[in-house]
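Notes to accompany the following structure.
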Amino acid sequence: MNRIIHIAIILLLSCKLSAQKQPNIVFLLSDDQTSIATGCYGNDQVVTPNMDQLAKDGVMFSNHYNTTSICMASRAIILTGMYEYKTGCNFMHGPLRKDKFAHSYPVIMQKHGYYTGFAGKFGLAVSDGASWDDKSWDVLPVDAFDNWAGGLGQTSYKTANNKYLAKYADKYPHSSRAYGAWAKDFIVEAKETGKPFCMSISFKAPHLPFTPDKYFDYVYKGKKYQKPDNYGAENAEHLSAQAKSGRQYNSYNFWRDSEESYQEAITKYNQLIHGVDYALGMIRKTLEEQGVADNTIIIFTSDNGYSCGAHSLAGKVLPYEEASKSPLIIFDPRTPKNKRGIKRETVTGNMDMAPTILSYAGVDIPGNMDGKDLNPLINKPKKFKRGSIPLFNMWGNDEIQAMTVVSKDWKYIYWQYADDKMEPAEELFYVSKDRLEMTNQVNNPTFKKQLLKMRKQYDKQVKHISKNALDHHDYQKYATLFSRKAKAEDKKDYLTGTYEEMLIQQKKKQAKKKK
């Protein structure tokens, strides 16, 4: 009997050691962080020491885009590795159906022996409900994780208001540092299981309302910020009429009202990012203390960018650099030191997150995923083949729903909407030379060949939509809406409302509530 027990103990220890050969994965997601709001991306006005150190230790991706730059859709894309029209998930469309979530990276990782945890803003429902605005919005996959500390909707900056995080409120009243504290407990707990772990944290910061942690008031006290060179309406004259029709151009006026309001907004925005940076430092410290840092991969990114007044724009959604780009940093401690601190300029997207995570875990990547494993781009960049990726906006007023293709050097935007005030429009930016997107090259004969090439890439993506768009949640229409060959007559049955019409409906709803 003693011999049998001895053998059983050896086998158990062997299983634990074997499991730990698989790396732990930490996936960190900020909310509304544009890449240029990060020190390592060239901004000397922000204080992000831990993000900067992570880039020095790992790989920084200079051209990382969110293929749909809005929280609900982007998070579904990150989870599943698929473009929005295959996830079926966004505002005005619907929740993420259960069969799609069943093939998300956390579910797959758990099936392959990983101890999984999620904290923060989940940002979407997992439900077979018919629409995004019914009660299906409240359905969260709490039981799909071994440890859950997520929340409904936007969650709250006030730790005490988050059900699964409230126990950290006394010491960490602001949620950003509270997530760092939760991470410590999760890592300790996960280590005790003997399993590799996959920990995902989705910070609320720096999303509106801009409510930074007072603990960091000293960081930016008395500091004044320079506005970007493409700031203001005078730097939007060359943009399409469609781009200037929605709330991104006509709302969030604190970015434009006055110098004082701009300085207040950008200070709070940056201070919120500093809180996320601090939490990253807390997490790295815990990994070291628990002796698991040498086998833990850290991936840091954001769900979308943020315009912050560039071209007089605010918010996200649109395909311009500030709104669509986010930081992406990957740190693998097993990488030789002479291969750290490198940069990769090939375009990457949020759909690459799930396949990259699965690849690190040694798990096969499902064939339905549109994204690619980024490991070859890191280790053998010449073997990583990708010319361009698509960017979509399938939300909001009709005028701003559009598709884009972007490469390392070029960005082509096709504004499909037309009425008596505007015609379909094309924009071509030489983004590697014109990062502020100040010159539309679409009519420049020097770049005619490049325009034709980008149009061809664009048309290829439209065909992909036609073949792969879901037959529910109103996605098949985009094969027509985004087609460069479709006429206004072909599109009229697919339109949902102009910006002016949406404002009228909003006022009616507000008036009804008052009654």
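- The number of heavy atoms from other shown groups lying within 6.0 Å of CG (N161) is above 12.
- For the atom pair CZ of F145 and OG of S200, the computed distance is 6.0 Å after rounding to the nearest 0.5 Å.
- A donor-acceptor contact closer than 3.5 angstrom is absent between the side chains of D32 and S302.
- Looking at heavy atoms from C-beta onward, F122 lies in side-chain contact with W148 at the 4.5 angstrom threshold.
- Side chains of T296 and I25 form no contact here, defined as non-hydrogen atoms less than 4.5 Å apart.
- We find the NE2-CE distance between H274 and M51 to be 9.5 Å, quoted to the nearest 0.5 Å.
- Taking a 6.0 Å sphere around CZ of F384, one finds it holds more than 12 heavy atoms contributed by other residues, nucleotides or ligands.
- Within 6.0 Å of atom NZ in K477, more than 12 heavy atoms from other residues, nucleotides or ligands are found, so the atom counts as buried in its surroundings.
- Residues satisfying the side-chain hydrogen bond (donor to acceptor under 3.5 Å, both in side chains) test with Q248, not counting sequence neighbours, are none.
- Contact check for I413 versus Q242: no side-chain heavy atoms found under the 4.5 Å cut-off.
- Going from atom CG of D128 over to atom CZ of F101 covers 12.5 Å, rounded to the nearest 0.5 Å.
- Under a cut-off of 6.0 angstrom, the local environment of CD in E189 is crowded, with over 12 non-hydrogen atoms contributed by other residues, nucleotides or ligands.
- The environment of CZ in F254 is crowded: more than 12 heavy-atom neighbours from other residues, nucleotides or ligands sit within 6.0 Å.
- Heavy atoms of other residues, nucleotides or ligands lying less than 6.0 angstrom from CG of N253 number more than 12.
- Using a 4.5 Å heavy-atom cutoff, the side chains of F482 and Y458 are in contact.
- Contact annotation: the side chain of D370 never approaches that of T67 to less than 4.5 Å [non-hydrogen atoms, C-beta and beyond].
- In summary, of the residues considered (Y83, Y478, Y414), a ring-ring contact (aromatic ring centres under 6.0 Å, His included) with F392 occurs for Y83 alone.
- Remark: of the listed residues E321, E345, K325, K325 is the sole one forming a side-chain hydrogen bond (donor to acceptor under 3.5 Å, both in side chains) with N63.
- For D143, the CG atom counts as loosely surrounded, since its 6.0 Å shell holds 12 or fewer non-hydrogen atoms of other residues, nucleotides or ligands.
- T159 approaches H174 most closely through the heavy-atom pair OG1-C, 3.1 Å.
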(request) Check the pair D332 / R334 against salt bridge (Lys or Arg N to Asp or Glu O under 4.0 Å), numbers first and verdict last. (result) CA-CA 5 Å; D332 183 348; R334 304 167 303 175; 2.9 Å; yes

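- Considering CG of D277 and CG of N50, their distance stands at 4.5 Å, rounded to 0.5 Å.
- Within 6.0 Å of the NE2 atom in H464, the count of heavy atoms belonging to other residues, nucleotides or ligands exceeds 12.
- Looking only at atom types and distance, the side chain of H64 has a donor-acceptor partner in the side chain of T348 under 3.5 Å away.
- Figure legend: K195 and Y115 shown without cation-pi pairing, the cationic atom not lying both under 6.0 angstrom from the six-membered ring centre and within 45 degrees of its axis.
- Taking OG1 of T87 as the reference point, atom NE2 of H473 lies at 9.5 Å (rounded to 0.5 Å).
- Inspection of the S74 and N350 side chains reveals an N or O donor paired with an N or O acceptor under 3.5 Å.
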Under 3.5 Å, sequence neighbours excluded: what are the donor-acceptor pairs made by side chains of residues 179-188?
residue: W182; atom: NE1; partner: N147; partner atom: OD1; Å: 3.3
residue: D185; atom: OD2; partner: Y168; partner atom: OH; Å: 2.6

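- For the pair C71/N304, a side-chain contact is recorded, criterion being any heavy-atom separation below 4.5 Å from C-beta on.
- Here the side chains of Q510 and Q506 are in contact, with some heavy-atom distance below 4.5 Å.
- Considering only heavy atoms from C-beta on, M394 stays 4.5 Å or farther from T68 through its side chain.
- For the salt bridge (Lys or Arg N to Asp or Glu O under 4.0 Å) with D352, the qualifying choice from R344, K372, R386 is R386, the only one to do so.
- Atom CD of Q401 and atom CD of Q416 lie 7.0 Å apart (nearest 0.5 Å).
- With no hydrogens or angles considered, no side-chain donor-acceptor pair links Y417 and S245 at under 3.5 Å.
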